Novice: 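This is the structure, below, for whatever I ask next.
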2 protein chains.
Amino acid sequence: MASSGRTYRGVDVASRRAHRRAALLDAALEEFTTTGYRASRIADICTRARVSTRTFYEEFEGKQDVLLVLHDRVNDLALSHVRHALGTVLETDAVTRIGTLLDAFVAAVTADPRLPRLAYVEAVGVSPALEAQHQRWVTRWAEFIAAEAARAAEHGLAPRRDYRLTGIALVGAVTGLLRAWQAGNPPEPVAVIADEIKSLMSAAITRQA
Amino acid sequence: MASSGRTYRGVDVASRRAHRRAALLDAALEEFTTTGYRASRIADICTRARVSTRTFYEEFEGKQDVLLVLHDRVNDLALSHVRHALGTVLETDAVTRIGTLLDAFVAAVTADPRLPRLAYVEAVGVSPALEAQHQRWVTRWAEFIAAEAARAAEHGLAPRRDYRLTGIALVGAVTGLLRAWQAGNPPEPVAVIADEIKSLMSAAITRQA
DNA sequence: ACATTTCGAAAATCTCGATTACCAATGTAG
DNA sequence: CTACATTGGTAATCGAGATTTTCGAAATGT
């Protein structure tokens, strides 16, 4: 019955697996954002990860599966940063909160230029599954923004109305800006992007129209 | 020496060619937006166009070539509509002009739901060539918006500043909204989208920040 | 009629990369 | 030391499509 697995070099089965999986994800991120998702080959990802193709199929269903995981990761990463940042300004005015939210988001996603490239370019139009995942995230972010807007409205800083569409538009604005940013050679300073977004968002929310 | 070509059914060589090319483009638009660009096969496009694969290669280099052409078409179509619409409000105030511009754009691109699907989903991340073409169009649209903003500034309706980044952000907002729109089932009324964009854009341009 | 131009259909080629199967090296356990 | 688990490496297997060619039917011109 056996073995729940043998220990090698002091690490158990689970850790070795986790390590290989992480190596594959790292390698895939690199391949996808340099070679491009469509053109990148599984064999190359494996070579870069110093892992065999067999191992690849032990961890993932296929290329798309990896992309799905990476796409979620980028968004999860950003979300956790944003949540943490917002937690530090609980009692502040709405405008400050929105600024904090965006600074955290932009900082998280631009820390590695490969992230926006993956999420806003490579992961688009790949498959219905990915489009669905994209939509879920857009909705989530839009609701996040709408919630902050509602909070601003509570304080009389913005009109009371449904901010969901505005949220989607703003997510699109951020996406467009970051897509352009990652394509830039050399990239613009991130602060410029962040300022534009912050200013745009607060104008969008406080407008009376 | 020969013939510059024989006339069939009353149409000359050039017309027949043009017809086949048009049929191929139509078929490709349909395939790309239903099956998805990556998954659609050249053979299927040809079948739908009632043309042989041989003819396909007489007209195009390959699948990507067709996508490049279609992507340009969507943008050209929108541009011509916008230009025409703006021509009818030459002497009007900036706010009206911006509203006109956006109504024309949105109307042109949503007239056929396949257009936003093609331009904002299927044509993303396909190849460096397409990304380059996308960037050119974003820049062009952003400059268009910036020009209108400058005009508004002339009339004292907006602050004098560089509106290019704002333009890119707004193009992103429009893109995001239309991408969500075409994914909707059933789609939202277009007017809602158009209103949101118009309002957002005028807030973005007239803000004092 | 008969030769010729066109072009769809279909078959032959070709190219690749995904998926699988197998082999051998490395490190363990006992 | 011996049997075994674990994996990277390699190469065989496969299938899907993209391109290219060939074949022949339809439409014209002479």
Side-chain angles (χ1 to χ4, degrees), chain A residues 1-28 31-32 34-69 122 126-127 129, chain B residues 1-28 31-32 34-69 122 126-127 129:
Chain A
M1 292 318 60
S3 45
S4 55
R6 186 179 282 182
T7 294
Y8 270 70
R9 290 182 197 135
V11 295
D12 59 68
V13 185
S15 299
R16 288 189 318 254
R17 257 189 93 123
H19 188 270
R20 288 196 300 268
R21 186 183 174 85
L24 279 169
L25 284 169
D26 281 352
E31 284 289 323
F32 289 170
T34 53
T35 305
Y37 173 72
R38 333 184 48 201
S40 51
R41 282 163 289 152
I42 290 180
D44 291 340
I45 294 172
C46 293
T47 301
R48 185 185 292 277
R50 296 170 193 292
V51 149
S52 74
T53 58
R54 196 188 51 180
T55 305
F56 178 91
Y57 288 102
E58 271 169 14
E59 290 302 318
F60 301 100
E61 305 269 323
K63 225 166 53 162
Q64 183 190 309
D65 188 17
V66 182
L67 183 57
L68 240 10
V69 173
E122 301 302 334
V126 168
S127 72
Chain B
M1 269 282 58
S3 45
S4 58
R6 184 177 286 182
T7 295
Y8 269 68
R9 290 183 197 137
V11 295
D12 59 68
V13 185
S15 299
R16 291 191 316 260
R17 253 189 99 123
H19 188 271
R20 288 197 299 271
R21 188 184 172 84
L24 279 168
L25 285 169
D26 281 351
E31 284 289 323
F32 290 171
T34 52
T35 306
Y37 173 73
R38 326 201 180 221
S40 52
R41 282 163 291 150
I42 290 180
D44 291 340
I45 295 173
C46 293
T47 300
R48 186 184 291 279
R50 297 171 194 291
V51 149
S52 75
T53 59
R54 198 190 47 180
T55 303
F56 178 91
Y57 288 102
E58 269 169 14
E59 290 302 319
F60 302 99
E61 305 268 321
K63 225 167 52 163
Q64 183 189 310
D65 188 18
V66 182
L67 184 56
L68 240 9
V69 173
E122 300 303 333
V126 168
S127 72

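Computed from a predicted structure; not experimentally measured. Worth knowing before you read on, the calculation uses all heavy atoms, side chains too, and leaves out hydrogens, waters and symmetry mates. To find a chain, count down the sequence lines: A is the first, B the second, and so on, and within it residues start at 1.
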Novice: B:T55 side chain: which of C:dC7, D:dT19, D:dT7 is closest?
Specialist: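 For B:T55, the side-chain atoms sit closest to C:dC7.
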Novice: So do the side chains of B:L67 and B:V126 get within less than 4.5 Å of each other, counting heavy atoms only?
Specialist: yes
Novice: Give the rounded distance in Å between these two atoms: CD1 of B:I42 and C1' of C:dA9.
Specialist: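 The distance from CD1 of B:I42 to C1' of C:dA9 comes to 17 Å, rounded to the nearest Å.
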Novice: Of the non-hydrogen atoms in B:A49 and B:A23, which two are nearest, and what is the gap between them?
Specialist: CB-O, 3.6 Å
Novice: For A:R41 and C:dT15, what is the distance between atoms CZ and P respectively, to the nearest whole Å?
Specialist: 16 Å
Novice: Which whole-number value in Å describes the distance from B:F56 CZ to C:dT6 C1'?
Specialist: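 One finds 20 Å between C1' of C:dT6 and CZ of B:F56, rounded.
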Novice: Do A:L25 and A:F60 have side chains that get closer than 4.5 Å, going by heavy atoms?
Specialist: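 Yes, at least one pair of side-chain atoms sits under 4.5 Å.
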Novice: So does B:R54 reach the base of C:dG8 with its side chain, donor to acceptor, closer than 3.5 Å?
Specialist: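 Side chain to base: pair present.
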Novice: Could you tell me the separation between the CD atom of B:E58 and the P atom of D:dT21, rounded to a whole number of Å?
Specialist: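 Rounded to whole Å, this separation is 13 Å.
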Novice: Take atom CG of B:D12 and atom C1' of C:dC7, then tell me their distance rounded to the nearest Å.
Specialist: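 Distance, rounded to whole Å: 16 Å.
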Novice: Mind calculating the distance between CD (A:E59) and P (D:dG8) to the nearest angstrom?
Specialist: 11 Å
Novice: Write down the distance between CZ (B:R20) and C1' (C:dG8), rounded to a whole number of angstrom.
Specialist: 10 Å
Novice: Measure NZ/A:K63 against P/C:dC16 and give the value in whole Å, please.
Specialist: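 From A:K63 NZ to C:dC16 P: 15 Å.
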Novice: Suppose we call a contact any N or O donor and acceptor under 3.5 Å apart; does that hold for the side chain of A:T53 and the base of C:dT20?
Specialist: yes
Novice: Tell me whether A:E31 is salt-bridged to A:R41, with the criterion being a basic N under 4.0 Å from an acidic carboxylate O.
Specialist: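 Between A:R41 and A:E31 there is no salt bridge, as every charged N stays at least 4.0 Å from the carboxylate O atoms.
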Novice: Using atom types as modelled and distance alone, determine if a side-chain donor or acceptor of A:E59 lies under 3.5 Å from a backbone N or O of A:R21.
Specialist: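 No: the side chain of A:E59 does not pair with the backbone of A:R21.
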Novice: At how many degrees, to 10°, do the end axes of the helix from C:dA1-D:dT30 to C:dG30-D:dC1 meet when each uses five pairs?
Specialist: 10°
Novice: The test is side-chain contact (heavy atoms from CB on, under 4.5 Å); show your working for B:T35 and B:D44 and say whether it passes.
Specialist: CA-CA 10 Å; B:T35 306; B:D44 291 340; over 6 Å; no
Novice: With a 3.5 Å distance limit and no angle check, can you tell me whether B:S40 reaches the backbone of B:Y37 through a side-chain donor-acceptor pair?
Specialist: yes
